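Step one of this worksheet: look at the structure below.
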Amino acid sequence: MTQRSAPPPSPPQPALQRRLGLVLLVLYGVGITVGAGIYVLIGTVAGHAGVHAPLAFALAAVVMALTVGSYAELATRYPVSAGEAAYLREAYGSRLASTAAGLLTVAIGVVSAAAVALGSAGYLHALLPAPRPLLVVAVVLALGAVAAWGILQSVVVASVFTLVEVGGLVMIILAAVGADLPFLPILATLPPADPALLSGIAAASLLAFFAFIGFEDLANVAEEAKDPHRTLPLAMALTLVIATVLYVLVAAVAVSAVSPADLAASEAPLSLVFQRLAGTSPATIGLIAVVATLNTVLAQMTMVARVVYGMARLGDLPAVLGRVHGATGTPLVATAAVVAAVIALALSVTLERLAVATSMATLLVFALVNLALIRLKRRGVASAARHVTVPFWVPVAGLATCLAMAALALLP
């Protein structure tokens, strides 16, 4: 009787490749953060907080800093895609919890990309008289193609965009210095104890919190980072510091050069600020703002595709979403699904509603991440990977500040 030979082993599935060093990670993190924040939301933040817009950004940065510490430890303990889902699974051993966290992270990324795509269309519309829906679709499809092309290509394009967008903010600060604009005293101006004003600053801080979303996306490219236990925490910290300094200075310049009401009414607020300061056409800053917002949309869609891929590999989403294309080294099906979702949302919801929804959902995810680290530390769970270790009070304070900010946002 003939023996049947065993079937040949199936070829290994293509996997993500470690191609991102510290410089590219920092440029990626800064690019996604700065593009979403100051270029898109400075007008809305100023409309709520008035001349105290810099304070709103500073408060959001403090809340973010604590959670950065928690992410730094967790991302180096578990350097995988779909980081938040993995952290919850390790902490609670619950597939339901990890799937919910992963899906919430996907929703945040899609909503955030849609919000910034709308901001990009606003700046583009000021330069090109094309219908805004058409601009939104064109932007998202073009950036989706770059994201599908390859991770190295995506991050290199994003890095070039980052240098351009940071250069634009530096131009605005230098223009303010050249015009002898007295913007530094605003940084030392504390608000009076007026409930209405403090409520406005709290609302502005929630919007400004959206402007710092980006560092956590670094956790979700962990499988593509070189030497992640060293590069990821440094990249997260540098992203937060650079973004905070730029935000606070540019917000001070903006509310000193233009009234908060005019900023809030403008679809291209930083172009208006530059025009008032330099007395020249705002087209230059408008073009830079387009680049900045494109950068954030690209980085967000790249990150969300990795989360979808990671969840599919964990079995939480259909397996087809976890396939990596052999030629591009990217999850093509996951990327296409993300692009379709971003377009649908951007065409149906307003910018401010998207920003508020993103901020609230992000606060919830950050609270869960801090809770996960608290539980891991209390149980004394060790990790095989070399990792950063933060004091126990860091995730406790991170949890408390996230919940406090969410509570403030819900106050009438």
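Given the structure is predicted, the values throughout are model-derived calculations rather than measurements.
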Practice problem: Apply the side chain to side chain contact (heavy atoms under 4.5 Å, CB included) test between Leu232 and each candidate in Leu218, Val388, Leu22; give the one that qualifies. | Solution: Leu218

Quiz item: Heavy-atom distance under 4.5 Å between the side chains of Val146 and Met301, does that happen here?
Solution: no

Quiz item: After noting the C-alpha distance and the side-chain angles of Glu73 and Lys377, does the key distance pass the salt bridge (Lys or Arg N to Asp or Glu O under 4.0 Å) rule?
Solution: CA-CA 11 Å; Glu73 177 163 340; Lys377 283 180 171 294; 3.1 Å; yes

Practice problem: May I have the step-by-step check of side-chain contact (heavy atoms from CB on, under 4.5 Å) for Val248 and Leu55, ending in yes or no? | Solution: CA-CA 8 Å; Val248 170; Leu55 176 61; over 6 Å; no

Quiz prompt | Nearest atoms (heavy-atom pairs only) where Ala147 meets Leu298 | solution = N-CD1, 3.9 Å

Quiz item: Got a second to check how far Leu371's CG is from Leu403's CG, nearest 0.5 Å?
Solution: 7.5 Å

Quiz item: In Å and rounded to the nearest 0.5 Å, what is the OG1 to CG distance from Thr401 to Leu66?
Solution: 5.0 Å

Exercise. State, with a plain yes or no, whether a side-chain heavy atom of Leu277 is found less than 4.5 Å away from one of Val253.
Key: yes

Quiz item: Can you name the closest pair of heavy atoms from Pro233 and Ala72 and give their distance?
Solution: CB-CB, 4.0 Å

Self-check item: Distance (rounded to the nearest 0.5 Å) between Thr67 OG1 and Leu399 CG
Solution: 8.5 Å

Quiz prompt | Closest approach of Ala204 to His48 (non-hydrogen atoms, all atoms of both residues) | solution = CB-CB, 3.8 Å

Quiz item: Within the side chain of Asn370, is there an N or O that forms a donor-acceptor pair under 3.5 Å with the backbone of Phe366?
Solution: yes

Quiz prompt | Nearest atoms (heavy-atom pairs only) where Ala305 meets Pro331 | solution = O-CG, 4.0 Å

Quiz item: Within the side chain of Ser266, is there an N or O that forms a donor-acceptor pair under 3.5 Å with the backbone of Leu263?
Solution: no

Quiz item: Checking side-chain contact (heavy atoms from CB on, under 4.5 Å) for the pair Val68/Met64: CA distance, chi angles, key distance, verdict?
Solution: CA-CA 6 Å; Val68 165; Met64 192 63 87; 4.3 Å; yes

Quiz item: Do Val394 and Leu373 have side-chain heavy atoms sitting under 4.5 Å apart?
Solution: no

Quiz item: Any side-chain heavy-atom pair from Thr302 and Val338 closer than 4.5 angstrom?
Solution: no

Practice problem: Please name the pair of heavy atoms, one in Ala91 and one in Ala372, separated by the smallest distance, quoted to 0.1 Å. | Solution: CB-O, 3.6 Å

Quiz item: Can you tell if the side chain of Val62 reaches within under 4.5 Å of the side chain of Met405, non-hydrogen atoms only?
Solution: no

Quiz item: So how far is it from Leu141 CG to Ile343 CD1, rounded to the nearest 0.5 Å?
Solution: 4.0 Å

Quiz item: Does the side-chain contact (heavy atoms from CB on, under 4.5 Å) test come out yes or no for Val308 and Thr335, once each step is laid out?
Solution: CA-CA 9 Å; Val308 171; Thr335 303; over 6 Å; no

Quiz item: Below 4.5 Å, heavy atoms only, C-beta onward: do Val342 and Gln300 meet side chain to side chain?
Solution: no

Quiz item: Arg276 versus Asp262: any side-chain heavy-atom pair under 4.5 Å?
Solution: yes

Quiz item: Is there a donor-acceptor contact under 3.5 Å from the side chain of Arg89 to the main chain of Ser94?
Solution: no

Quiz item: If you round to the nearest 0.5 Å, how far is OG1 of Thr99 from CG of Leu317?
Solution: 7.5 Å

Quiz item: Given Val250, which of Val245, Val255, Val273, Leu270 fulfils the side chain to side chain contact (heavy atoms under 4.5 Å, CB included) condition?
Solution: Leu270

Practice problem: Give, for atom CG of Leu184 and atom CG of Leu249, the distance between the pair rounded to the nearest 0.5 Å. | Solution: 7.5 Å

Exercise. Report the C-alpha distance between Val333 and Tyr309 in whole Å, list the side-chain angles of each, state the deciding distance to 0.1 Å, and finish with yes or no for side-chain contact (heavy atoms from CB on, under 4.5 Å).
Key: CA-CA 9 Å; Val333 179; Tyr309 154 85; over 6 Å; no

Exercise. Answer yes or no: is there a side-chain heavy-atom contact under 4.5 Å between Val177 and Phe183?
Key: yes

Quiz item: Do the side chain of Arg95 and the main chain of Gly315 share a donor and acceptor less than 3.5 angstrom apart?
Solution: yes

Exercise. For atom CZ of Arg378, decide whether the heavy atoms of other residues, nucleotides or ligands shown that lie under 6.0 angstrom number more than 12.
Key: no

Exercise. Identify the two heavy atoms, one from Val51 and one from Pro260, that lie closest to each other, and give their separation to 0.1 Å.
Key: N-CG, 4.1 Å

Quiz item: Phe57 vs Tyr247 aromatic rings, parallel, tilted or perpendicular, using cut-offs 30° and 60°?
Solution: tilted

